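Notes follow once the structure below has been shown.
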Amino acid sequence: MAEYSHNNRRSILWYAFLILLMVAGTVAVFIRAKEGIIVTNITSTTPWGTWVAFYIYFVGMSAGAFLLSTLIYVFGMEQYEKIGKDALLVAILSMVLAMVFILLDLGHMERFWHALWYMNWTSVLAYEVRFYVLYVALLLSELYFARRIDLIKTSVVNNRKGKIAKFLSFGSKDTSEASKRHDHKMLKVLGTMGIPIAILGVHGGTGALFAVVKARPFLNSALFPVIFVVSALVSGTALLIAFYVIRNKVSGNSIDQAMVKGLAGLLSFFLLIDVGLEFYEFFIGAYGLEHEELATLKTMIMSDFSWSFWAVQMVIGVVVPLYLIFSKRTKESVKALTAAAIMVAIGILGVRFNIVLPALIVPVMTGLPEGYYYPTLIEIISSGGVIALGFFSQRSCRKAIGG
Amino acid sequence: MKIANAAEKTDDQKKIPQWGMVIDLKKCIGCDTCTVSCKAENRTPPGVTYNVVLQNEIGAYPNVALVNLPRPCMQCDRPPCVQVCPVKATYKLDNGVVAIDYDRCIGCRYCVVACPYGARYVDFGESYSQEMLGANEIQSPEYGVDRGKREKGKSPINNVRKCIFCLHRLERGEEPACVETCIGDARFFGDLSNPDSVVSRLAASPRAFLLKEELNTGPRVIYLK
């Protein structure tokens with residue numbers, strides 16, 4: 001409960017804000033369910049919009065956070081232990097948010113179960129849905145082994161938290177060293193299994209979902225799945241830095257400056273690779289002089305929508321954070337590095353929107369209508385609500401399972 | 001150019017006609033009758049147009065020309081839309097038409113993204129009820145299914161829709177509406193598996209070409225230059 005004793009007012013304000021967003025979001029989701037997808041600005045030319053962009057954003061966040069957790073549980077980099085528990089929870093909740101976003105996007109939400117019931121062996125999306133289920137199951141079991149002993153310790157206390165812990169420990173009472181070693185082994189095994197599932201299945205696969213579309217030359221590139229995975233690492237690392245620092249600031253705990261610096265270094269490394277890959281993606285695309293490819297690049301870097309590329313993706317997402325991480329004046333400051341991490345997480349949102357939208361603004365045939373897309377209020381408010389739900393459940397889950 | 005692989009088929013399959021369409025661009029005057037008759041026949045809502053005529057200006061002033069390109073669904077033999085559908089709601093019929101099961105479709109719109117011809121449309125539930133009395137009272141019997149009134153939230157609203165060569169007309173021995181109404185007689189319709197059919201013979205013409213042939217989608221709509 002230390003969180004309440006410090007910065008009490010600020011955290012109350014923050015949660016009031018989240019609740020407000022969730023209430024507004026609920027209303028928006030209700031309207032969307034009642035009226036159908038006409039409440040969006042999606043058209044037949046631009047059939048995917050904000051919700052799909054958020055969906056791939058959170059799938060990426062999840063894959064990134066999970067891969068970071070494997071640094072600890074599989075590769076034994078103990079110096080990052082402090083973010084390990086956060087990482088698994090963030091990975092699970094991000095995936096849940098991604099699923100909520102894609103559910104909102106379905107024309108017939110009531111048929112979501114068709115996606116698991118019916119199979120099309122040639123559809124990347126059909127495989128993805130199944131990978132997501134497998135991946136979440138794997139993450140949940142990993143979280144169980146990561147928290148089991150702590151849960152058992154909590155379950156001794158006879159209050160609500162104890163009861164929850166007792167239920168979640170599934171009757172396990174063994175807190176011996178041997179069982180602890182067993183947990184670690186399980187974490188290593190599950191984490192190892194999760195690496196190919198996260199890279200190839202969950203996130204590379206989500207990239208492939210876009211990359212296989214030969215109707216859109218801009219997307220139809222083998223580099224796309226790779227960029228997806230690398231930018232997942234970028235956003236996952238960024239979010240975990242931000243969570244770690246803010247959480248400990250709020251609860252008044254000390255912050256491991258060396259670890260934050262290390263993570264920021266890792267972040268800049270992923271970010272530089274990401275930028276390099278994107279450069280090749282754009283350069284090779286442009287070099288072909290293909291009409292649709294050029295038109296898509298033009299939409300991205302020189303149109304009404306290009307602020308999302310220059311301001312969000314490049315300045316907020318790359319230039320300023322790299323400056324903060326490398327500059328002599330700021331690289332020792334936890335505050336500056338946290339700001340850099342938050343900016344990167346926002347910048348990757350620009351990356352996600354610029355994957356989904358520019359290729360869908362350019363018509364597939366000359367003479368078909370040009371697309372134009374900005375989200376409606378319903379799309380924005382519902383998205384805000386879902387994201388607030390994410391922050392809220394992150395906190396509630398952490399309270400329930402400790403950590 | 002490979003249009004229909006009738007030779008590889010068994011005798012049984014041969015009996016099923018393999019529908020195809022030929023559009024003679026020289027005869028197309030860009031009057032949009034096909035588009036209008038298609039809308040009337042299929043009672044498609046605003047924003048859903050199974051057939052459109054694309055008009056593009058080519059050349060540089062003063063040597064310019066206006067080129068008309070009618071665009072129905074190509075009913076591809078290797079359709080990218082069918083490839084990507086996560087629930088197999090869209091599939092090839094035995095007669096070659098690419099169909100959609102409105103009751104299975106979850107409305108993810110992946111097929112709309114994947115179609116290289118922009119031939120798929122999302123039904124957002126809009127209606128001509130402001131312009132036309134009783135616009136929602138009856139729907140076209142697409143796929144031979146009578147869906148009664150057009151109502152919010154009920155398929156085909158929030159589904160993806162597309163041209164199906166007027167399947168319901170084919171089944172009673174009629175040509176698709178666009179073919180029947182074309183005032184310049186620019187459209188031909190028939191069985192591509194029959195080498196003597198008009199469409200097969202026109203498709204063998206040196207004037208014949210396919211849209212985006214390099215994508216190897218195998219369109220069943222063949223254009224004549």
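Proteins come first, then strands; the chains are lettered A, B, ... in the order of their sequence lines, and each starts at number 1. Worth saying up front: this structure is predicted, and the values here are computed from it rather than measured.
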Side chain to side chain contact (heavy atoms under 4.5 Å, CB included) test vs B:Cys108 passes for just one of A:Val52, A:Leu125, A:Val129, namely A:Leu125
Using non-hydrogen atoms only, which part of B:Cys115 is less than 4.5 Å away from chain A: side chain, backbone, both, or neither?
backbone
Scored by heavy-atom pairs under 4.5 Å with chain B, the best of A:Lys34, A:Glu110, A:Lys214 is A:Lys214
The interface call for B:Arg120 against chain A, heavy-atom contacts under 4.5 Å, is backbone
Find the one option among B:Lys88, B:Glu57, B:Arg104 whose heavy-atom pairs under 4.5 Å with chain A are most numerous.
B:Arg104
So, the part of B:Asp103 with a heavy atom under 4.5 Å from chain A: the answer is both
Would you say that B:Leu54 contacts A:Leu368 through its side chain, given a criterion of any heavy-atom pair below 4.5 Å between the two side chains?
yes
Report, as yes or no, whether the 6.0 Å neighbourhood of atom OH on A:Tyr374 holds more than 12 heavy atoms from other residues, nucleotides or ligands.
yes
Measure across B:Tyr110 and A:Phe210 and return the closest heavy-atom pair with its distance rounded to 0.1 Å.
OH-N, 4.5 Å
Heavy atoms of other groups near A:Trp121 CH2, more than 12 under 6.0 Å
no
Looking at every non-hydrogen atom in both residues, tell me the closest pair between B:Cys85 and A:Ser123 and how far apart they are.
O-CB, 3.3 Å
If you count the non-hydrogen atoms of other residues, nucleotides and ligands that lie under 6.0 Å from CG in B:Leu133, is the total more than 12?
no
What is the minimum heavy-atom distance between B:Val112 and A:Ser44, and which atoms define it?
CG1-O, 3.3 Å
How about B:Gln130: does its CD atom have over 12 heavy atoms from other parts shown lying under 6.0 Å from it?
no
Between atom OG1 of A:Thr45 and atom OH of B:Tyr121, what is the distance when rounded to the nearest 0.5 Å?
7.5 Å
Under 4.5 Å from a heavy atom of chain B, the part of A:Leu116 involved
neither
side-chain contact (heavy atoms from CB on, under 4.5 Å) between A:Asp105 and B:Arg109, intermediate numbers included
CA-CA 9 Å; A:Asp105 190 64; B:Arg109 309 182 298 283; 2.7 Å; yes
Quick one: which of A:Pro47, A:Ala126, A:Gly36, A:Pro369 has the most heavy-atom pairs under 4.5 Å with chain B, could you say?
A:Pro47
Heavy-atom pairs under 4.5 Å with chain A, option from B:Ile157, B:Asn159, B:Thr217 with the top count:
B:Asn159
Looking at every non-hydrogen atom in both residues, tell me the closest pair between A:Thr122 and B:Val82 and how far apart they are.
OG1-O, 4.2 Å
To the nearest 0.5 Å, atom CG of B:Leu69 lies from atom OG1 of A:Thr366 at 9.5 Å
Starting from the C-alpha separation in whole Å, work towards a yes-or-no answer on side-chain contact (heavy atoms from CB on, under 4.5 Å) for A:Val212 and B:Gln83.
CA-CA 10 Å; A:Val212 294; B:Gln83 214 180 353; over 6 Å; no
Which heavy atom of B:Ala114 sits nearest to which heavy atom of A:Ala215, and what is that distance?
O-CB, 3.2 Å
Counting only heavy atoms not in B:Lys92 (residues, nucleotides, ligands), do more than 12 fall under 6.0 Å from its NZ?
yes
So which of B:Val122, B:Asp123, B:Ile106, B:Val87 has the biggest tally of heavy-atom pairs under 4.5 Å with chain A?
B:Ile106
Taking it one step at a time, do B:Phe124 and A:Ile42 satisfy side-chain contact (heavy atoms from CB on, under 4.5 Å)?
CA-CA 9 Å; B:Phe124 287 97; A:Ile42 288 163; 3.8 Å; yes
Given heavy-atom pairs under 4.5 angstrom as the criterion, report whether the side chain, backbone, both or neither of A:Glu292 touches chain B.
side chain
Hey, does A:Val364 have a side-chain heavy atom less than 4.5 Å from the side chain of B:Lys212?
yes
Using a 6.0 Å cut-off, check whether atom CZ of A:Phe112 has over 12 heavy atoms from anything other than its own residue.
no
Can you say whether A:Ile102 sits under 4.5 Å from chain B via the side chain, the backbone, both, or neither, judging by heavy atoms?
neither
Pick one of side chain, backbone, both or neither for B:Val160, based on which atoms fall under 4.5 Å of a heavy atom in chain A.
neither
Tell me the closest heavy-atom pair linking A:His108 and B:Ser155, and the distance in Å.
NE2-OG, 3.3 Å
NE2/A:His114 to SG/B:Cys105 distance, rounded to the nearest 0.5 angstrom?
10.0 Å
